Peer 1: 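Pasting a structure below so you can have a look.
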Number of protein chains: 2
Amino acid sequence: MKISAQEEYGLRCLVQLANLPSGESLTLPQIAEREGISAANAGKLMWLLNKAGFVNSTRGTKGGYFLARPADDIYLNEIIKVLDEDVLSSHCDSYTGVMDKCVHTGDCGIRPVIVGLHEIVENALSRITLAQMVGNEKTVDAMFHSIQGINRTIEPQRV
Amino acid sequence: MKISAQEEYGLRCLVQLANLPSGESLTLPQIAEREGISAANAGKLMWLLNKAGFVNSTRGTKGGYFLARPADDIYLNEIIKVLDEDVLSSHCDSYTGVMDKCVHTGDCGIRPVIVGLHEIVENALSRITLAQMVGNEKTVDAMFHSIQGINRTIEPQRV
DNA sequence: TCAATTCATTACTTTTTAGTCAAGATTGAG
DNA sequence: CTCAATCTTGACTAAAAAGTAATGAATTGA
Ligand code: FES
Ligand code: FES
């Protein structure tokens, strides 16, 4: 269970844009430098994010990328869904071994656990916006734990 | 954020062994058939799990694999740690782009989120035993949600 | 003993993911 | 208009993960 390179770097690039004063934009070399990746790689990531509607771009001198929507309106689960295709809905089509379909047809004790795990992650991500990732480590860490702390699936107790 | 093939199939093979009546064992072809993977692949997985101490094996006719410990004593996070190396503790060494180290030295808003996500998963897995994955889909699903429901990180409220 | 069965280990091949390159298109400045 | 800066796009290359093959070693039973 790990995050892919595309998710990691794509997310980082978006945070760089979210970090920007309103009206400004970043070029590929600028993004690349700030994240320590190559400009070519940044280009590919921004292309994906552009296609998905998270960023807009302008060409030519003074061109660059900027967020297409307000950062506090973009939730991380939307981003992750674009950067790494959704496996939650197709688990049994993805891990088929040498067969065409999962062998545990119908009754399966694995699926609820794996799918449940992915749901937990999805759930956690859907509570965080891009805007909330801007800031220093301490602030973001506090935000994360505060949000996840509220993530209770238990019913309120009666007193 | 997805589970790797090794995690998926390794876990499945262990569940097959956990499913077994006490004293019995499964050969590689048997495991392979039950999981719809090749015997060679099953062999590699079982080799890993054997090295890690989750299963024991006997050779020769009537040989096979069986759990080295009681299934209700094996937690999923231990298994996953063996099947897919731990990324939780080394995030900034893994995604370094073209540099040697992460660029956001010291103060980073990404790390707490990524690390936090992995912690959530680790946490969820550490609450489930292999024994709890034996059973039909409905039972396991109920077990999973019941356990995760209790997974609250919020302090008890004062009244 | 000897042959069949089974695990053990390492090397190899294939597939997938990650990352790079190069040619093209658009924009703005002078 | 022309040029340099910049994004766009698809093909290409490299690296990592997944899966296969082959050889060797232990065990059992005839
Ligand atoms: S994992 Fe797909 S049916 Fe069990
Ligand atoms: S992700 Fe490593 S320092 Fe930010």
Side-chain angles (χ1 to χ4, degrees), chain A residues 1-13 17 24-33 35-66 68 82-85 87 90 93-99, chain B residues 1-13 17 24-33 35-66 68 82-85 87 90 93-99:
Chain A
M1 201 84 190
K2 64 167 63 156
I3 203 166
S4 73
Q6 213 166 231
E7 289 171 300
E8 166 86 17
Y9 296 128
L11 191 53
R12 284 202 211 167
C13 293
L17 296 186
E24 294 194 12
S25 61
L26 288 180
T27 67
L28 287 179
Q30 285 175 321
I31 296 174
E33 202 229 329
E35 284 307 331
I37 62 181
S38 73
N41 199 4
K44 188 183 203 174
L45 292 166
M46 296 315 285
W47 178 59
L48 276 171
L49 293 167
N50 193 357
K51 272 203 311 181
F54 291 112
V55 304
N56 285 139
S57 62
T58 53
R59 291 203 251 205
T61 319
K62 297 287 172 190
Y65 293 92
F66 53 95
V82 164
L83 292 172
D84 197 3
E85 85 233 81
V87 75
S90 63
D93 297 328
S94 307
Y95 299 93
T96 60
V98 294
M99 323 288 282
Chain B
M1 201 84 190
K2 63 167 64 155
I3 202 167
S4 72
Q6 214 167 230
E7 290 171 300
E8 166 86 20
Y9 295 128
L11 191 53
R12 285 202 210 166
C13 292
L17 295 186
E24 294 194 14
S25 61
L26 289 179
T27 68
L28 287 178
Q30 285 175 321
I31 295 174
E33 202 227 330
E35 284 306 331
I37 62 181
S38 72
N41 201 1
K44 188 185 203 171
L45 293 167
M46 296 315 285
W47 179 58
L48 277 171
L49 293 167
N50 193 357
K51 271 203 311 177
F54 291 111
V55 304
N56 285 138
S57 62
T58 54
R59 291 203 249 205
T61 320
K62 296 288 173 190
Y65 293 90
F66 54 95
V82 163
L83 291 172
D84 197 4
E85 84 234 82
V87 76
S90 63
D93 298 327
S94 308
Y95 298 94
T96 61
V98 294
M99 323 289 282

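In what follows, chains carry the letters A, B, and so on, assigned in the order in which the sequence lines appear, proteins first and then strands, with residues in each chain numbered from 1. The shown structure was predicted, so the numbers you read here are calculated from the model rather than taken from an experiment.
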Peer 1: Which nucleotide in the list C/dG19, C/dC21, D/dT8 gets nearest to the side chain of A/Tyr65?
Peer 2: D/dT8
Peer 1: Look at the side chain of A/Thr61 and decide which nucleotide, out of C/dG28, D/dT28, C/dG19, has an atom nearest to it.
Peer 2: C/dG28
Peer 1: Checking side chain to side chain contact (heavy atoms under 4.5 Å, CB included) between A/Glu35 and each of A/Gln30, A/Glu8, A/Arg12, which is the one that passes?
Peer 2: A/Arg12
Peer 1: Measure NZ/B/Lys62 against C1'/D/dA26 and give the value in whole Å, please.
Peer 2: 17 Å
Peer 1: Which whole-number value in Å describes the distance from A/Lys2 NZ to C/dA18 P?
Peer 2: 10 Å
Peer 1: Nearest whole Å is fine: how far is C/dT27 P from A/Leu28 CG?
Peer 2: 16 Å
Peer 1: Could you go step by step and tell me if A/Lys2 and B/Lys2 meet the side-chain contact (heavy atoms from CB on, under 4.5 Å) rule?
Peer 2: CA-CA 6 Å; A/Lys2 64 167 63 156; B/Lys2 63 167 64 155; over 6 Å; no
Peer 1: Establish, with yes or no, whether the OP1 or OP2 oxygen of D/dT8 is under 4.0 angstrom from a side-chain nitrogen or oxygen of A/Ser57.
Peer 2: yes
Peer 1: How is A/Ile37 classified with respect to the nucleic acid when contacts are heavy atoms under 4.0 Å: base, sugar-phosphate, or nothing?
Peer 2: nothing
Peer 1: Assign A/Gly43 to base, sugar-phosphate, or nothing according to its heavy-atom contacts below 4.0 angstrom with the strands shown.
Peer 2: nothing
Peer 1: With sugar-phosphate meaning primed atoms plus P, OP1 and OP2, does A/Leu48 contact a base, only sugar-phosphate, or nothing at under 4.0 Å between heavy atoms?
Peer 2: nothing
Peer 1: Over how many whole Å does the gap from A/Ile3 atom CD1 to D/dA16 atom C1' extend?
Peer 2: 18 Å
Peer 1: Among C/dG24, C/dG19, D/dT20, which is the nearest nucleotide to the side chain of B/Asn41?
Peer 2: D/dT20
Peer 1: Which residue lies toward the 5' end of DNA chain D, A/Lys51 or A/Gly63, if each is placed at its nearest nucleotide?
Peer 2: A/Gly63
Peer 1: For B/Trp47 and C/dT9, is the shortest distance between a side-chain N/O and OP1 or OP2 below 4.0 Å?
Peer 2: yes
Peer 1: Can you tell me how far P of D/dT20 sits from OH of B/Tyr9, to the nearest Å?
Peer 2: 10 Å
Peer 1: I want to confirm an ordering. Mapping B/Gln6 and A/Pro29 to their closest nucleotides on DNA chain D, which one lands closer to the 5' end?
Peer 2: A/Pro29
Peer 1: Give a yes or no answer on whether the side chain of B/Tyr95 reaches the backbone of A/Ile3 with a donor-acceptor pair at less than 3.5 Å.
Peer 2: yes
Peer 1: Calculate the interatomic distance between B/Glu24 atom CD and C/dT6 atom C1'; express it in whole Å.
Peer 2: 17 Å
Peer 1: Ignoring the backbone of B/Arg59, work out which of D/dA17, D/dT8, D/dA26 is nearest its side chain.
Peer 2: D/dA26
Peer 1: Is A/Ser38 near enough to C/dT20 that one of its side-chain N or O atoms lies under 4.0 angstrom from OP1 or OP2?
Peer 2: yes
Peer 1: Once you round to the nearest 0.5 Å, how far does CG of A/Leu17 lie from CG of A/Leu49?
Peer 2: 8.5 Å
Peer 1: In whole angstroms, how far is the P atom of D/dC7 from the CG atom of A/Asn50?
Peer 2: 11 Å
Peer 1: Using whole Å, report how far CG of B/Leu45 lies from C1' of D/dT20.
Peer 2: 13 Å
Peer 1: In terms of side-chain heavy atoms of A/Lys44, which of C/dA18, C/dT6, D/dT28 is nearest?
Peer 2: C/dA18
Peer 1: Look up atom CG in A/Asn41 and atom CD1 in A/Ile31, then write down how far apart they are to the nearest 0.5 Å.
Peer 2: 11.5 Å
Peer 1: Look up atom CG in B/Leu28 and atom OG in B/Ser38, then write down how far apart they are to the nearest 0.5 Å.
Peer 2: 10.0 Å
